[in-house]
Number of protein chains: 2
Amino acid sequence: MQNIYKTIRSKSYSVSCELCRIGPSICIPKLLNNALDTVVNCKHAVSKDEIIVNEGTALDRFYIINAGALKTYITVEGKEQINGFYLPGDIIGLDSIHSLKYNCSVKALTNSLICELKYEELMTLVSQNTHVRDTLFKLMSEDIHDFKKLILCFSQKNAEERVGMFIYSLYSKYARRGHVSLNIKLSMSRNDIANYLGLTIETISRILTRMQDLNILTARGKYITIKNLPALIKFAEYHK
Amino acid sequence: MQNIYKTIRSKSYSVSCELCRIGPSICIPKLLNNALDTVVNCKHAVSKDEIIVNEGTALDRFYIINAGALKTYITVEGKEQINGFYLPGDIIGLDSIHSLKYNCSVKALTNSLICELKYEELMTLVSQNTHVRDTLFKLMSEDIHDFKKLILCFSQKNAEERVGMFIYSLYSKYARRGHVSLNIKLSMSRNDIANYLGLTIETISRILTRMQDLNILTARGKYITIKNLPALIKFAEYHK
DNA sequence: CGTTACATTGAACATATTCAAAACGAGTGG
DNA sequence: CCACTCGTTTTGAATATGTTCAATGTAACG
């Protein structure tokens with residue numbers, strides 16, 4: 001077992017609490033900084049391929065990614081079906097409140113740091129603090145909105161547009177969290193991307209080479225460099 | 001202008017307040033039955049093709065469908081892109097809380113009855129009533145969960161599976177709201193279905209005839225009769 | 001009836017998958 | 001430092017799936 005912290009520091013990007021999607025005003029460590037045990041699980045390290053949650057587990061806490069990358073998936077006929085990638089600042093679990101059971105499994109794609117947000121504590125805060133309540137409604141509403149947009153993407157877009165959108169969405173998610181860079185390191189394999197996008201790895205590969213031929217980006221294994229951002233956006237949006 | 005109420009009664013299905021997705025315990029008319037003006041807009045009639053909300057309008061109320069059918073859509077390069085159909089018991093607007101602006105337009109597919117749930121009043125109730133608060137969280141969480149499932153459908157399913165799933169989801173939505181019937185009247189055109197599913201009307205048509213050949217259902221214009229429900233489910237799920 | 005809008009069918013074409021083979025790259029041992 | 005291996009990625013050719021365009025059918029409504 002290697003030194004997890006070192007690996008994370010050297011290779012991964014972490015989000016500051018100010019740019020976290022949760023925001024510092026709802027962050028458990030900041031709000032409950034007198035209750036030591038809740039702070040303990042902040043920036044908790046998990047290693048690559050570690051399963052953090054198994055589908056069906058009781059939901060007693062949400063997870064917020066501080067550094068690294070996670071994926072969520074359900075298991076269909078023995079095969080894992082990825083339904084989301086989560087990057088620094090993202091929160092996992094909001095879709096499971098209604099059943100109080102995690103409806104998908106969560107696995108670390110790379111060594112990562114995650115914060116935990118206890119469900120009961122959050123609900124107590126929601127009752128006490130209007131701002132926390134509104135923030136949570138806003139977070140959930142944003143999620144619904146984002147997922148509806150994603151439905152549109154998947155229902156309407158062809159393979160090229162899906163791959164283009166995927167790369168661009170990674171870029172913009174990092175950018176929104178304060179990490180503006182045209183160099184992206186994919187934390188997931190081509191297989192994971194294909195699985196998530198509903199395409200084959202061969203198609204992903206072919207489209208990436210096509211994008212290189214068009215001078216939109218360069219793809220060298222897991223390292224992607226965007227050469228022409230407007231062209232990437234057009235590639236992802238235009239077409240039909 | 002025809003008699004709207006008559007048309008609705010004769011052709012459409014309405015949901016009782018008990019089976020509404022909102023539930024009677026959070027229903028504005030029931031909770032605020034002393035404030036007359038909030039009750040006024042309950043079961044308000046809208047006629048076919050009427051635009052109830054324009055994209056970008058301030059969100060001051062949610063809409064709950066009591067009878068009929070509505071669609072939501074965004075406008076992309078002048079063309080309407082449908083992103084949801086709403087049936088009795090459904091609620092519209094939860095994805096717009098974060099911006100307090102409706103992020104899509106809402107139009108009636110048929111003459112319909114809709115209830116209105118005022119945003120401010122709901123938020124006041126949320127502060128006063130834990131049950132209302134939890135119901136709202138649950139509703140939103142369910143929405144996120146359902147949309148995530150829909151993303152999986154669209155990202156993974158081919159044309160046959162999409163159409164199968166579409167028919168089946170109509171059946172089960174009606175069934176969950178207490179209207180169990182193998183006869184479904186589509187309130188939307190083939191064009192709307194195609195637009196929503198990201199397919200062409202020709203493909204929809206071909207798949208419907210294929211399903212008839214397989215004795216899964218009969219499709220006579222807008223009237224669909226499911227002949228073999230397990231086969232329909234298999235048609236929508238199996239394949240890949 | 002005849003018009004109009006909507007739905008179905010057919011044939012040619014485009015897009016993505018499948019299967020097979022080759023190339024690459026990180027890690028291991030000589 | 002080079003050769004070897006395993007797993008991943010890329011490339012190629014054949015096939016399947018869905019679209020496009022054009023023609024035909026059908027149902028609702030004046």
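In what follows, chains carry the letters A, B, and so on, assigned in the order in which the sequence lines appear, proteins first and then strands, with residues in each chain numbered from 1.
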Can you see if the side chain of A:Thr203 gets near the phosphate of C:dT17 - specifically, an N or O under 4.0 Å from OP1 or OP2? yes
Pick base, sugar-phosphate or nothing for A:Ile204, based on heavy-atom distances below 4.0 Å to the nucleic acid. nothing
What distance do A:Ile233 atom CD1 and A:Tyr171 atom OH have between them, rounded to the nearest 0.5 Å? 7.5 Å
Could you tell me how far apart A:Arg210 (CZ) and C:dA14 (P) are, to the nearest whole angstrom? 14 Å
Spacing between B:Glu160 atom CD and C:dA16 atom P, to the nearest angstrom: 19 Å
Phosphate OP1/OP2 of C:dC6: any B:Ser189 side-chain N/O under 4.0 Å: no
Just the rounded figure in Å: distance from C1' of D:dT8 to CZ of A:Arg190. 9 Å
B:Gly221 and B:Arg190 have their tightest heavy-atom pair at O-NH2, 3.0 Å
Of the listed D:dT10, D:dT11, C:dT17, the closest approach to the A:Thr209 side chain comes from D:dT11
Whole angstrom value for the distance that separates C1' of C:dT15 from CD of A:Gln156: 16 Å
Looking only at the side chain of A:Ile201 (C-beta and beyond, no hydrogens), which of the listed nucleotides D:dT9, C:dA16, C:dA7 gets closest? D:dT9
Separation of D:dT17 C1' from B:Lys157 NZ (nearest whole Å): 16 Å
Kindly give the heavy-atom pair with the smallest separation between A:Ala159 and A:Leu199, and that separation in Å. CB-CD2, 3.8 Å
To the nearest 0.5 Å, tell me how far B:Asn111 CG sits from B:Lys48 NZ. 8.5 Å
D:dT10 phosphate, OP1 or OP2, under 4.0 Å from A:Arg206 side-chain N/O: no
Starting from P on D:dA16, measure out to CG on A:Leu199 and report it in whole angstrom. 20 Å
Where the side chain of A:Glu202 is concerned, which of C:dC19, D:dT10, C:dA7 is the nearest nucleotide? C:dC19
Between B:Asn191 and A:Thr200, whichever has its closest DNA chain C nucleotide further toward 5' is B:Asn191
Quick check for you: to the nearest 0.5 Å, what is the distance between A:Met165 atom CE and A:Phe154 atom CZ? 4.5 Å
Rounded to whole Å, the NZ-C1' distance (B:Lys222 to C:dA7) equals 10 Å
Nucleotide D:dC29, atom C1' - distance to NZ of B:Lys48 in whole Å: 14 Å
